[in-house]
Amino acid sequence: MLLQPINSRMCKRCRLQYNYREEICPHCAHLSDVEAIYLKKRYKNEMVQMNSGTANSFLVLFCVVAFLMFVLYW
């Protein structure tokens, strides 16, 4: 049995993805406009922190591989 990907749409208020079968965004439907903006900013800040951690991990991995290549092929 193959799993079907879940189709989603982007909310115009908070810019988060939600299931296309839902009528309203479950993330910000109960929030005021100010709270929706705060939710959007908080989510963006969390993604920036998570992505910077990933970037740092790849930088360390690159340095280790470059060092090993330098030592082994020198």
Side-chain angles (χ1 to χ4, degrees):
M1 178 176 177
L2 294 174
L3 295 175
Q4 296 283 333
I6 298 174
N7 293 330
S8 63
R9 66 175 83 164
M10 183 181 294
C11 176
K12 293 178 182 176
R13 285 181 72 202
C14 66
R15 300 284 184 206
L16 296 176
Q17 298 284 330
Y18 65 98
N19 191 330
Y20 77 97
R21 292 180 184 144
E22 296 184 36
E23 294 291 323
I24 58 175
C25 174
H27 306 108
C28 69
H30 61 284
L31 302 176
S32 68
D33 288 338
V34 174
E35 291 172 326
I37 291 170
Y38 177 73
L39 174 68
K40 180 180 169 181
K41 287 181 181 180
R42 189 179 70 202
Y43 181 76
K44 182 179 177 182
N45 289 339
E46 288 175 3
M47 289 298 107
V48 167
Q49 287 178 350
M50 190 180 334
N51 289 339
S52 67
T54 304
N56 290 340
S57 298
F58 277 111
L59 179 62
V60 168
L61 180 65
F62 171 76
C63 291
V64 168
V65 169
F67 177 75
L68 288 174
M69 288 178 65
F70 180 74
V71 168
L72 293 175
Y73 294 109
W74 184 256

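FYI, the numbering just counts along the sequence from 1. These values consider heavy atoms only, across backbone and side chains, with no hydrogens, waters or symmetry-generated copies. All values reported here derive from a predicted model rather than from experimental measurement.
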How close do [X] and [Y] get, counting heavy atoms only, and between which atoms?
| X | Y | answer |
| --- | --- | --- |
| Pro26 | Tyr18 | CD-CB, 3.6 Å |
| Ala36 | Cys14 | O-CB, 4.4 Å |
| Ser32 | Arg13 | O-NH2, 2.9 Å |

Report the distance from atom [atom1] of [X] to atom [atom2] of [Y], rounding to the nearest 0.5 Å.
| X | Y | atom1 | atom2 | result |
| --- | --- | --- | --- | --- |
| Cys25 | His30 | SG | NE2 | 9.0 Å |
| Asn56 | Asn51 | CG | CG | 11.0 Å |
| Glu35 | Arg42 | CD | CZ | 10.5 Å |

Is it true that [X] and [Y] fall in one hydrophobic cluster, defined by side-chain heavy atoms closer than 4.5 Å?
| X | Y | answer |
| --- | --- | --- |
| Leu39 | Met47 | yes |
| Phe58 | Val60 | no |
| Tyr20 | Met10 | no |
| Leu16 | Met50 | yes |

(message) Tell me whether Arg15 contacts the main-chain N or O of Lys44 through its side chain, where contact means a donor paired with an acceptor under 3.5 Å.
(response) no
(request) Going by the side-chain contact (heavy atoms from CB on, under 4.5 Å) test, name the single residue among Gln17, Arg21, Glu22 that passes it with Ser8. (result) Gln17
(request) Only one of Val64, Val65, Val71 passes side-chain contact (heavy atoms from CB on, under 4.5 Å) with Leu68; say which it is. (result) Val64
